[in-house]
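Everything below concerns the one structure shown next.
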Amino acid sequence: MTTTLRETNVLVIGSGPAGYTAAIYAARANLKPILISGHEPGGQLTITTDVENYPGFATAIQGPWLMEQMRDQALHVGTEMLVDYVSKVDFTTHPFKAWTEGGLEIQARTVIICTGAQARWLGLPSEETYRGMGVSACATCDGFFYRNKHVAVIGGGNSAVEEALFLTNFASKVTLIHRRDSLRAERIAQDRLFNHPKIEVIWNTEIEEITGILPGGDVPPGVTGMILRQVKTGALSTIEVDGVFVAIGHDPATKVFKSHVDMDDSGYILTAPDSTVTSIPGVYAAGDVKDKIYRQAITAAGMGCMAALEADRFIHGVLADAEKAEAA
């Protein structure tokens, strides 16, 4: 394959709220950024239906629509956008280099990594069928829709316990389902969970199938229940629920950057306090690729803004001084 060389001040790797916002700010600073959107432009919000917690909209908006608006804004202010996938990077020399599956070699003065993270799923066909129609991986995003309803949370770690406790603000009952006989969550969180009157725990149980109503009939579509399997005996049972929240963790999309920037044990990119700068000056990380606490569209967008501003300062500060010294 013939490789085509491209150069840019700012290379944004990944789309979604962080990537699009970084591109908007970089373009408005006249840095002429290139954004590589990846195979799924728009990130996780493209599979999110009603969004009610993004500031500026009094009524619910659609996740795909919001991402389209961000993309169009980034294009309008001067971002060059490529639907491609970065398969290799080199941050050991400057300018930084990235190679794509489409045959590009991009040399960039700065790089902003916004490749995001993906929720781990159970891998059930029925889970895929009802995703966005009662199956979710974000209680903060979707909990509001289950006011006075019965929901289930799947998992046993900190995320699952936190999701279950959060959902008690809306749901009439929360059932936590865990495949083992003890939780991995911190003890203080477990104590809050066990003492909450709205929460019931079902132990040693896995999800066999999620049941519900499909679109197309007179009854609104959505989840109606689950078929459960007892781990020790294999016995099947059923439970009626209105929503299922899968909370078995997230995986950051950082494989291509491994050994190039510092990461924690889970693969999230580490950045300096109150900053998006990574262990490599001039390389930044924004959004879910570095955030395993909040994981919200608005916080990702904020970090995208931060990264672009820091990249601009780096280009007009450190790099400008270095180039002047080299010219002298």
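Here, residue 1 is the first one in the sequence, and each next residue gets the next number.
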Contact summary for [X] and [Y], nearest pair of heavy atoms:
X: I210; Y: S126; answer: N-OG, 2.9 Å
X: R184; Y: Q190; answer: C-NE2, 4.4 Å
X: S37; Y: S15; answer: O-OG, 3.2 Å
X: A164; Y: V153; answer: CA-CG2, 3.9 Å
X: I24; Y: T79; answer: N-OG1, 4.4 Å
X: R120; Y: H250; answer: NH2-O, 3.5 Å

CA sep, side-chain torsions, deciding dist, call: F194, H196, ring-ring contact (aromatic ring centres under 6.0 Å, His included)
CA-CA 6 Å; F194 295 142; H196 202 290; over 10 Å; no
Show the numbers, then the answer: is there a side-chain contact (heavy atoms from CB on, under 4.5 Å) between W121 and I248?
CA-CA 7 Å; W121 297 97; I248 56 176; 5.8 Å; no
Among residues two or more places apart or on two chains, list those pairs meeting salt bridge (Lys or Arg N to Asp or Glu O under 4.0 Å) that have a residue in [range].
range: residues 9-34; result: none
range: residues 6-22; result: R6-E80
range: residues 158-179; result: K173-E200
range: residues 218-238; result: E206-R229, E208-R229

If only atom types and distance count, is the side chain of [X] paired as donor or acceptor with the main-chain N or O of [Y] below 3.5 Å?
X: N158; Y: E186; answer: yes
X: N169; Y: F166; answer: yes
X: T100; Y: D84; answer: no
X: Q62; Y: W65; answer: no

Honestly curious: do [X] and [Y] fall in one hydrophobic cluster under the side-chain, below-4.5 Å linking rule?
X: I213; Y: M226; value: no
X: I280; Y: M263; value: yes
X: V135; Y: I227; value: no

Within a 6.0 Å radius of atom CZ on F257, are there more than 12 heavy atoms belonging to other residues, nucleotides or ligands?
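More than 12 heavy atoms, drawn from other residues, nucleotides or ligands, come within 6.0 Å of this atom.
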Should V10 and D312 be marked as a side-chain contact (heavy atoms from CB on, under 4.5 Å) after you check the CA-CA gap, both sets of side-chain angles, and the distance that decides it?
CA-CA 9 Å; V10 180; D312 184 42; over 6 Å; no
For a side-chain contact (heavy atoms from CB on, under 4.5 Å) check, start with the C-alpha distance between V51 and N53, then their side-chain angles and the critical distance, and finish with the verdict.
CA-CA 6 Å; V51 176; N53 57 2; 3.7 Å; yes
So, using salt bridge (charged side-chain N to carboxylate O under 4.0 Å, His left out) as the criterion, who are the partners of E68 when residues are at least two apart?
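Salt bridge (charged side-chain N to carboxylate O under 4.0 Å, His left out) check on E68 returns nothing, list empty.
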Who are the side chain to side chain contact (heavy atoms under 4.5 Å, CB included) partners of [X], not counting sequence neighbours?
X: A253; answer: T115
X: A320; answer: none
X: P252; answer: A117, T254, Y268
X: F144; answer: E52, R147, F170

Value for CG (L124) from OG1 (T129), rounded to nearest 0.5 Å, stands at 10.0 Å
Walk me through whether L176 and L183 qualify under side-chain contact (heavy atoms from CB on, under 4.5 Å).
CA-CA 10 Å; L176 181 74; L183 301 177; 3.9 Å; yes
Classify the angle between the aromatic ring planes of F57 and Y54 as parallel (below 30°), tilted (30 to 60°) or perpendicular (above 60°).
tilted
Once the angle between the rings of W203 and H178 is folded into 0 to 90°, is it parallel (under 30°), tilted (30 to 60°) or perpendicular (over 60°)?
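Perpendicular.
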F145: ring pair (Phe, Tyr, Trp, His ring centres under 6.0 Å) partners, not counting sequence neighbours:
none
Show which side-chain atoms of residues 235-246 pair as donor or acceptor with protein atoms under 3.5 Å away, not counting sequence neighbours.
unit_1: D242; atom_1: OD2; unit_2: H150; atom_2: N; d: 3.1

What side-chain donor-acceptor pairs closer than 3.5 Å can you find for residues 281-296, not counting sequence neighbours?
unit_1: Y284; atom_1: OH; unit_2: E310; atom_2: O; d: 3.3
unit_1: K290; atom_1: NZ; unit_2: T271; atom_2: OG1; d: 2.8
unit_1: D291; atom_1: OD1; unit_2: I293; atom_2: N; d: 2.9
unit_1: D291; atom_1: OD1; unit_2: Y294; atom_2: N; d: 3.0
unit_1: D291; atom_1: OD2; unit_2: R295; atom_2: N; d: 2.9
unit_1: K292; atom_1: NZ; unit_2: D264; atom_2: OD2; d: 2.8
unit_1: R295; atom_1: NH1; unit_2: K292; atom_2: O; d: 2.9
unit_1: Q296; atom_1: NE2; unit_2: Y294; atom_2: O; d: 3.0

